[in-house]
Amino acid sequence: MISMLTSGRDYLRIPLGLIALPLTYLNINFDIQRPEHFLSGVLFVLFGAVCYAATGWLTGSAAVLCFNFIARRIGGIKASVLIKESATVPVLAQ
């Protein structure tokens, strides 16, 4: 919204999809016109936030799937988890 107001353009392009340059760019672009009313401006900002969050989620999920696929193909990644057990404090009966 702020970039639209400062750029002087009549629309703002909001992407929704998978963005993993230079490998792939699969998305839908929404060209949103400049809001005329306060309520449409608020809805515009909410729509933009949801689209950017969904794009980040989709791109992150694709990266995780690719990482896991490659890790399985090369035989896995050696990792271990260290768990420290907490010291138990005896409860005094009253």
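Values below: all heavy atoms of this structure, side chains included; hydrogens, waters and symmetry mates excluded.
The side-chain hydrogen bond (donor to acceptor under 3.5 Å, both in side chains) check on Asn29 picks up Asn27, with sequence neighbours excluded.
Connection of Val50 to Leu58 is not established within any shared hydrophobic cluster, with ILVMFWY side chains joined at heavy-atom distances below 4.5 Å, either directly or through further cluster members. Under a hydrophobic clustering in which Ile, Leu, Val, Met, Phe, Trp and Tyr are joined whenever their side-chain heavy atoms come within less than 4.5 Å, directly or via other members, Trp57 and Leu65 fall into different clusters.
Of the possible polar contacts, none joining the Thr59 side chain to the Gly56 backbone as a donor-acceptor pair under 3.5 Å is found.
In the displayed structure, Phe67 atom CZ is contacted under 6.0 Å by at most 12 heavy atoms of other residues, nucleotides or ligands.
The side-chain heavy atoms of Phe47 and Leu43, taken from C-beta on, include no pair separated by under 4.5 Å.
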